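Comments concern the structure below.
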Amino acid sequence: MVNRGVFIFFFSIASVAMTSAQTREADSQTLREILTELRSIHEDMRVTETTQLLVAELEMQQGVVNRAMESADNASIKLNGIHVDQRRLAAEMTHVEEQIDKAANADEKNALAQENERRKVNVETMKNIEHEASTSLQFMEQRLQNAQDKLSSIESELNAAISRLGPAVKDAAQK
């Protein structure tokens with residue numbers, strides 16, 4: 001009987017030890033899973049914050065692109081206006097030259113010739129203005145291209161951040 005009691009005692013201790021070890025292992029596994037989940041939540045929060053910052057940056061850059069586009073459009077309109085003025089001036093000069101040929105007296109020819117000389121000076125002035133406007137347009141177009149390139153870069157970063165968020169967020173973003 002004593003042997004049986006000792007056997008039961010040792011068996012009970014062994015059971016408690018094994019159960020305790022299994023419980024510790026289960027607790028350890030649970031803690032690892034919790035830690036993994038916390039890390040995942042932390043990463044999701046970090047990506048979400050990054051995404052929010054990228055969205056804000058995207059909106060600001062879109063404003064920069066819009067202003068650059070407006071400046072380039074204004075420069076283009078100005079250059080086109082200069083071209084229209086140049087064509088008008090050239091037509092006026094042709095008309096004055098025709099009038100010089102048809103002029104009856106020397107005073108009229110002289111007055112028309114002086115008027116034509118003033119127009120020639122205006123043509124030279126317009127060429128300088130055209131060059132400045134053309135240079136300005138090129139500068140504005142380059143600024144626009146740089147702004148658009150940066151916008152594309154931000155969009156790429158944002159897309160990459162969204163892809164890291166997971167399917168649930170992607171589905172919500174697409175709706």
Side-chain angles (χ1 to χ4, degrees), residues 36-175:
T36 301
E37 184 65 24
L38 284 174
R39 286 180 179 152
S40 175
I41 290 170
H42 175 71
E43 177 64 17
D44 287 350
M45 288 178 59
R46 190 183 65 76
V47 170
T48 300
E49 289 171 356
T50 300
T51 302
Q52 289 172 343
L53 290 172
L54 286 170
V55 167
E57 188 176 356
L58 181 75
E59 290 171 352
M60 287 188 297
Q61 189 61 30
Q62 185 63 53
V64 170
V65 168
N66 291 344
R67 287 187 299 280
M69 190 175 297
E70 185 178 329
S71 295
D73 287 346
N74 289 340
S76 179
I77 289 168
K78 181 178 179 180
L79 185 59
N80 288 338
I82 291 169
H83 288 151
V84 167
D85 289 345
Q86 285 176 325
R87 287 191 293 275
R88 181 189 47 79
L89 196 55
E92 289 174 3
M93 287 177 62
T94 302
H95 179 69
V96 170
E97 287 172 1
E98 290 172 358
Q99 286 181 331
I100 290 173
D101 291 340
K102 294 178 185 176
N105 63 42
D107 287 340
E108 188 180 348
K109 282 186 179 188
N110 199 16
L112 290 171
Q114 286 178 354
E115 185 179 327
N116 213 24
E117 286 301 314
R118 280 193 301 274
R119 283 194 168 90
K120 286 180 183 178
V121 168
N122 286 345
V123 166
E124 289 303 314
T125 302
M126 291 288 254
K127 284 182 183 178
N128 290 336
I129 292 171
E130 176 192 25
H131 178 70
E132 290 172 10
S134 179
T135 302
S136 177
L137 176 60
Q138 289 173 351
F139 175 74
M140 296 300 171
E141 287 174 340
Q142 185 60 49
R143 273 186 47 200
L144 175 59
Q145 185 62 50
N146 292 344
Q148 287 173 331
D149 290 347
K150 186 170 182 182
L151 182 65
S152 294
S153 172
I154 294 168
E155 287 172 341
S156 295
E157 287 181 52
L158 184 58
N159 289 336
I162 289 172
S163 70
R164 289 190 305 256
L165 284 175
V169 176
K170 287 182 206 172
D171 293 341
Q174 290 175 351
K175 291 179 183 177

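Residues: numbered from 1 along the sequence shown. This is a predicted model, so every value here is computed, not measured.
In terms of heavy atoms, A72 sits closest to L144 at CB-CD2, 4.4 Å. Nearest approach of V47 to A161, heavy atoms of both residues: CG1-O, 3.3 Å. Between M140 and S71 the shortest heavy-atom distance is SD-CB, 3.6 Å. Of all the heavy atoms in L112 and A103, the pair that sits closest is CD1-CB, 4.4 Å.
The closest side-chain donor-acceptor pair between N128 and E132, if any, does not fall under 3.5 angstrom. Neither side chain, E155 nor N159, offers a donor N or O lying under 3.5 Å from an acceptor on the other.
With respect to E115 and R119, a salt bridge is recorded, a charged nitrogen being found less than 4.0 Å from a carboxylate O. Between K127 and E124 there is a salt bridge, since a side-chain N of the basic residue sits under 4.0 Å from a carboxylate O of the acidic one. We find that R67 and E70 are not joined by a salt bridge, their nearest charged nitrogen and carboxylate oxygen being 4.0 Å or further apart. Of the charged side-chain nitrogens involved, at least one lies within less than 4.0 Å of a carboxylate oxygen, so that R88 and E92 count as a salt-bridged pair.
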Mind running side chain to side chain contact (heavy atoms under 4.5 Å, CB included) on V84 and R87 for me, showing each step along the way? CA-CA 5 Å; V84 167; R87 287 191 293 275; 3.4 Å; yes

Item checked: Check against side chain to side chain contact (heavy atoms under 4.5 Å, CB included), I41 and M45 -> CA-CA 6 Å; I41 290 170; M45 288 178 59; 4.1 Å; yes

Check your understanding: Can you list the steps and then say if L137 with E141 is a side chain to side chain contact (heavy atoms under 4.5 Å, CB included)?
Key -> CA-CA 6 Å; L137 176 60; E141 287 174 340; 3.7 Å; yes

Next item on the list: Carefully, step by step, assess E49 and R46 under the rule salt bridge (Lys or Arg N to Asp or Glu O under 4.0 Å).
Entry: CA-CA 5 Å; E49 289 171 356; R46 190 183 65 76; over 6 Å; no

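With a 6.0 Å radius and a threshold of 12 heavy atoms from other residues, nucleotides or ligands, H95 has its NE2 atom at or below the threshold.
Going from atom OG of S136 over to atom CD1 of I129 covers 13.0 Å, rounded to the nearest 0.5 Å. The CD1 atom of I100 sits 10.0 Å away from the CD atom of E108 when rounded to the nearest 0.5 Å. Taken from CG in L151 to CD in E57, the straight-line distance is 10.0 Å, to the nearest 0.5 Å. K78 contributes atom NZ, which lies 12.5 Å from atom CG of N80 (distance to the nearest 0.5 angstrom). T135 OG1 to E130 CD: the interatomic distance, rounded to the nearest 0.5 Å, is 10.0 Å. Atom CD of E157 sits about 9.5 Å away from atom OG1 of T50, to the nearest 0.5 Å.
Here the side chains of Q61 and V64 are in contact, with some heavy-atom distance below 4.5 Å. Side-chain contact between Q114 and E117 is absent, with no heavy atoms from C-beta onward closer than 4.5 Å. At a threshold of 4.5 Å between non-hydrogen side-chain atoms, the residues V123 and Q86 do not count as touching. Between D73 and M69 the shortest side-chain heavy-atom distance falls below 4.5 Å.
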